[in-house]
Amino acid sequence: MDKFDTFIPYGRQHIDQADIDAVIDVLKSDYLTQGPKVPAFENALCQLTGAEFACAANSATSALHIACLALGVTSEDIVWTSPISFVASSNCALYCDAKVDFVDIDVDTGLMSTQALKQKLIQAKDFGQLPKVVIPVHLCGHSCDMEGIHQLSQEYGFNIIEDASHAVGSKYQGKPVGSCQYSDISVFSFHPVKIVTSAEGGVALTNDKNLHNLMTKYRSHGITTNPSEMTEASHGPWYYQQIMLGFNYRMTELQATLGVSQLNKLSKLVELRNEKAKVYDDAFADTPLTVLKPCEQSYSAYHLYVVLLPKEKANAHKEIIETMRAANICAHLHYIPIHTQPYYKSLGFAESDFPSSLDYYQRAISIPLYPDLSEEAQQFIISTLKSLL
Ligand SMILES: *Cc1c(COP(=O)(O)O)cnc(C)c1O
């Protein structure tokens with residue numbers, strides 16, 4: 001098998017001179033943290049999505065945690081998410097001592113199945129075990145069926161946090177993902193492998209002023225400087241009160257300024273990802289591969305490009321990924337079903353609990369997709385994968 005002359009990663013950040021200059025400017029400025037750049041980033045994210053409020057944090061994991069806390073998740077509660085996600089989607093509920101459960105996916109989309117959600121809700125209602133929060137995950141940047149999930153939330157009375165870590169720049173029904181049209185809170189990640197980066201970073205968006213206020217306090221120790229929230233009159237200009245237990249989940253000025261600079265390029269970067277995804281779509285149209293595609297109502301930021309092997313090829317799955325790696329192509333797998341992780345098994349989950357997720361895991365391959373992926377590298381990936389079928 002031929003080998004590409006350099007290693008092709010599965011994803012990679014795109015950093016230009018404007019990004020570098022912006023970070024250097026902050027280093028020379030008065031504030032490295034708690035200055036004007038974080039609010040500027042939050043404003044830019046509100047502008048982008050149409051959400052009213054944004055609470056930037058030092059990671060999407062932190063943002064998911066404070067989102068759960070703000071919605072009042074406690075040890076009395078149950079939170080549901082998709083098994084096909086990064087572990088942070090469910091760990092956030094465990095941080096609140098809540099019980100976690102999963103809703104199986106539709107294999108052909110990798111997304112939480114609305115039908116499976118409905119079935120599970122009907123059963124859970126009978127047992128008095130309804131979830132407090134459901135966390136749909138927009139895998140690859142492809143939006144879940146938010147209208148359907150929202151409808152069920154009205155019927156069964158749960159809150160929704162969108163784990164939109166993959167989906168900054170995506171749209172659903174013509175509106176930006178993150179608008180919270182069908183959810184209480186939406187979370188983006190700005191890890192370098194995602195669509196745009198702040199090195200580490202995340203944000204929780206909402207249209208609910210109260211939720212935003214709570215998340216802002218959870219982000220910084222549970223401290224308030226707002227006299228109307230204090231238990232007594234201010235002692236003076238130095239005064240603040242800790243009125244609840246929070247964390248230090250703050251984003252730095254360096255991260256926020258990089259985030260702002262990256263958002264200026266978002267639509268260009270997402271277009272490039274879509275162009276490259278289209279090249280893959282066309283190349284694989286006449287193969288037995290199933291390609292994960294966004295639904296008709298959605299425009300994807302294409303964080304990942306995932307193909308599924310046909311069932312009869314599942315036994316060659318590992319070998320195909322290994323062979324691609326040997327050819328310098330970083331084929332990957334997103335994700336190992338969360339419930340099969342040893343920690344989750346120790347909580348009582350069995351592999352067979354979510355059969356579609358298991359089926360997906362036996363056949364899915366993420367192939368490299370990022371704005372700077374060269375045409376030559378992409379053609380090599382296509383021919384290599386095709387030859388292995
Ligand atoms: C990356 C990712 C996270 C966590 O993001 P961080 O910013 O690294 O904390 C959460 N959920 C999903 C689906 C992710 O892909």
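Below, all heavy atoms of this structure are taken into account, side chains as well, without hydrogens, waters or symmetry copies. We count ligands from 1, going down the list as the structure has it; atoms in each ligand are counted the same way. Residue indices begin at 1 and follow the sequence shown.
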May I ask you to check if ligand 1 and [X] share an N or O to N or O distance below 3.5 Å?
X: H166; answer: yes
X: T61; answer: yes
X: V137; answer: no

Atoms of ligand 1 less than 4.0 Å from Y335 heavy atoms?
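Close to Y335: 15 (O).
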Which atoms from ligand 1 have a heavy atom of G201 less than 4.0 Å away?
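Taking each heavy atom of G201 in turn, ligand 1 has 7 (O) under 4.0 Å.
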N/O donor-acceptor pair under 3.5 Å between S82 side chain and I84 backbone:
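Such a contact is found between S82 side chain and I84 backbone.
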Tell me whether H14 contacts the main-chain N or O of P371 through its side chain, where contact means a donor paired with an acceptor under 3.5 Å.
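No, the answer is negative, given that no donor and acceptor are paired below the 3.5 Å cut-off.
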Should the pair F102 and F354 be assigned to parallel (<30°), tilted (30 to 60°) or perpendicular (>60°) ring geometry?
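Plane angle over 60°, so perpendicular.
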Give the ring-plane orientation class for Y302 versus Y305, where under 30° counts as parallel, over 60° as perpendicular and anything between as tilted.
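Y302 vs Y305 ring planes: parallel.
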Which one holds for F188 and ligand 1: side chain close, backbone close, both close, or neither close, with close meaning a heavy atom under 4.0 Å?
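For F188, no heavy atom sits under 4.0 Å from ligand 1.
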Would you mind telling me if ligand 1 is within reach of the side chain of A60, the backbone, both or neither, using heavy atoms under 4.0 Å?
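For A60, the contact with ligand 1 is made by both the backbone and the side chain.
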Name the closest protein heavy atom to atom 11 (N) of ligand 1, giving the residue it belongs to and the distance to 0.1 Å.
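Going atom by atom, the protein heavy atom closest to atom 11 (N) of ligand 1 ends up being D163 OD2, 2.7 Å.
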What is the closest protein heavy atom to atom 10 (C) of ligand 1, and at what distance does it sit?
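The closest heavy atom on the protein side is S165 OG, 3.4 Å.
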Between Y218 and H65, is the ring centroid distance below 6.0 Å?
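They do not qualify: ring centres at least 6.0 Å apart.
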Got a salt bridge between D104 and K120, using NZ or NE/NH1/NH2 to carboxylate O under 4.0 Å?
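No salt bridge links D104 with K120.
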So, K293 and D108, do they make that salt bridge, N to O below 4.0 Å?
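Answer for the salt bridge query: no.
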Identify the residue among Q173, H150, E162 that makes a side-chain hydrogen bond (donor to acceptor under 3.5 Å, both in side chains) with Y182.
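Running side-chain hydrogen bond (donor to acceptor under 3.5 Å, both in side chains) over Q173, H150, E162 with Y182 returns exactly one hit, Q173.
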Is the closest heavy atom of S85 to ligand 1 under 4.0 Å?
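Checking ligand 1 against S85, which is what was asked, there is a heavy-atom contact under 4.0 Å.
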Is K194 close enough to touch ligand 1? Criterion: a residue heavy atom under 4.0 Å from a ligand atom.
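In this structure, K194 qualifies as a contact of ligand 1 - some heavy atom is under 4.0 Å.
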